[in-house]
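Computed from a prediction, not measured in an experiment: that's the story for all the values here. We name chains A, B, ... by the order of the sequence lines, and we start the count at 1 in each one. The analysis underlying the following values was restricted to heavy atoms, covering all of them including side chains, and did not include hydrogens, waters or symmetry mates.
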Number of protein chains: 2
Amino acid sequence: MSKLRLSITMSLDGYVAGPDQSEENPLGVGGMELHQWFFPLEEFREMHGEAGGEVNASSAIVEERRANIGSTIMGRNMFGPVRGPWPDESWRGWWGEDPPYHHPVFVLTHHPREPLEMEGDTTFYFVSDGIEPALAQAKDAAEGGDVWLAGGASAVNQYLAARLVDEIDISIAPVALGAGARLFDGVERGALKLKQVRVVDAPGVTHIKYEVS
Amino acid sequence: MSKLRLSITMSLDGYVAGPDQSEENPLGVGGMELHQWFFPLEEFREMHGEAGGEVNASSAIVEERRANIGSTIMGRNMFGPVRGPWPDESWRGWWGEDPPYHHPVFVLTHHPREPLEMEGDTTFYFVSDGIEPALAQAKDAAEGGDVWLAGGASAVNQYLAARLVDEIDISIAPVALGAGARLFDGVERGALKLKQVRVVDAPGVTHIKYEVS
């Protein structure tokens, strides 16, 4: 059975992005601080075509999160800063012509758009008929693999509230952002039955994995 | 130097108590689920005069948190359900005649009250002139030891926002409460500079310690 697996980095005070997200500041004020554990890694540099970098306790976690993933779901705000109907086809994601996915990516949006084929086997599909059809398409496209639920908070919280997430692998960064996009917002008590299955103490971050039933 | 050390259990979605706290339900709806990791421990049973219980990876954490503590600070809601001026002296805390502190406990309240001496070396002092005088008195009473900041959310958040906390040792329970008393509420970005110093993977809980500067 194909699973929907959330992996995401959260501040100790519960935010996955800071306030005032914009094209210049996609993660909002302070949001980059969340990912300080990730940037020095060899895996991160390799994704961006750079050599070198660290190997530490987070490296195996990054590998584990990528293993067996066949497709990705993300919210429109994670894909880009454009709001409302697409004015044209010029916005092609934050990641350049060869995005670090290398599989089908399903972008939740209220505004239909033709699929966008990029280099390196990444194609963005725009799904405007809801989170459940998006999940069905993503599972189908994963061809037996799992689906990565990547963000942002609004998309993730919708899937959590609808009890469609099978696994939560959360990285808790030693940061308090004070405001921003809050994970679990609108997710009611009882929506998630969690079982802690793995904890890793890595430099500057704690990775905790939960099974959700 | 005497430190102010916060140790507290939080749900994955950021709450330290559920909604609708009352005398019958001091931790609010679902709040007891937060502490499921603690109740089976030998240390917990011993505090309540019972024999038996488990020893697991949380046991050493409980010991570590109690070590070198000379006094405690708590908010009035953690001391009891009475609101407004004290109608009389009949409320003597949730813990019976021999509370599990065995040192001076400073209760933050807007309403003065005479100190309350209990069995087993616990005395409750009611401090009505603010969080800084309470901390000064608690440090003095600790006689070189540290001060435990015990809860609830409102008292803790005031100390965090005022940058008076030296250490945060947080237990993250595999629970989503959906509502309740939120830790870090009102604590602005920049108020806490955190350094992760220790992570423990224990049955049904993750313990993370941060130094605050």
Side-chain angles (χ1 to χ4, degrees), chain A residues 6 8 10-15 18-20 28-31 33-34 36-37 57 153 157 160-161 163 165 168 170-180 182-213, chain B residues 6 8 10-15 18-20 28-31 33-34 36-37 57 153 157 160-161 163 165 168 170-180 182-213:
Chain A
L6 167 63
I8 200 160
M10 181 177 86
S11 67
L12 183 61
D13 59 347
Y15 298 98
D20 303 322
V29 177
E33 294 169 28
L34 293 171
Q36 292 303 317
W37 64 272
N157 290 342
L160 290 170
R163 308 180 187 214
V165 176
I168 297 175
I170 200 159
S171 300
I172 300 181
V175 173
L177 291 182
R182 201 154 88 75
L183 199 63
F184 301 110
D185 204 18
V187 180
E188 288 181 7
R189 173 171 143 72
L192 303 176
K193 189 164 165 3
L194 302 170
K195 185 181 169 201
Q196 178 182 306
V197 292
R198 186 260 291 134
V199 178
V200 170
D201 180 356
V205 68
T206 300
H207 307 289
I208 315 179
K209 186 156 88 175
Y210 302 92
E211 283 174 8
V212 189
S213 58
Chain B
L6 167 63
I8 200 159
M10 181 178 85
S11 66
L12 183 61
D13 57 347
Y15 299 99
D20 303 323
V29 176
E33 294 168 29
L34 293 172
Q36 292 305 316
W37 64 271
N157 290 341
L160 289 171
R163 308 180 187 214
V165 176
I168 297 175
I170 200 158
S171 301
I172 299 181
V175 174
L177 291 182
R182 201 154 86 77
L183 198 64
F184 301 110
D185 204 19
V187 180
E188 287 180 10
R189 173 171 143 73
L192 303 176
K193 189 164 164 4
L194 302 170
K195 184 182 169 199
Q196 178 181 306
V197 292
R198 185 261 292 136
V199 178
V200 170
D201 180 356
V205 68
T206 301
H207 308 289
I208 316 179
K209 186 156 87 174
Y210 301 93
E211 284 174 9
V212 190
S213 58

Taking side chain as C-beta onward, heavy atoms only, is [X] less than 4.5 Å from [Y]?
X         : Y         : value
Leu177(B) : Leu34(B)  : yes
Leu183(A) : Asp13(B)  : no
Val187(B) : Leu192(B) : yes
Ile172(B) : Leu12(B)  : yes

Practice item. Anything in residues 206-213 of chain B with a heavy-atom distance to chain A below 4.5 Å? Please list those residues in order. Key: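 When heavy atoms of chain A are the reference, residues 206-213 of chain B contributes Thr206(B), Ile208(B), Tyr210(B) within the under-4.5 Å range.
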**Study point:** Region of Val29(A) in contact with chain B, defined by heavy-atom distances below 4.5 Å
**Key:** both
Exercise for review: Could you look at Ala191(A) and say if it's the side chain, the backbone, both or neither that has a heavy atom under 4.5 Å from chain B?
Suggested key: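 Neither part; nothing is under 4.5 Å.
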For [X] and [Y], work out which heavy atoms get closest and say how close.
X         : Y         : value
Asn157(B) : Phe184(B) : OD1-N, 2.7 Å
Val175(B) : Ser11(B)  : O-CB, 3.3 Å
Trp37(B)  : Pro203(B) : CB-O, 3.9 Å

Review point. Which one, Gly178(B), Pro174(B), Ala179(B), Gly14(B), leads in non-hydrogen pairs under 4.5 Å with chain A?
Key: Pro174(B)
Revision key, fill the gap. Sorted by chain and number, sequence neighbours left out, salt bridge (charged side-chain N to carboxylate O under 4.0 Å, His left out) with Arg198(B) holds for Glu64(B), Asp169(B)
Review point. Of the listed residues (Glu33(A), Met10(A), Lys193(A)), which shares the most heavy-atom pairs with chain B below a 4.5 Å separation?
Key: Glu33(A)
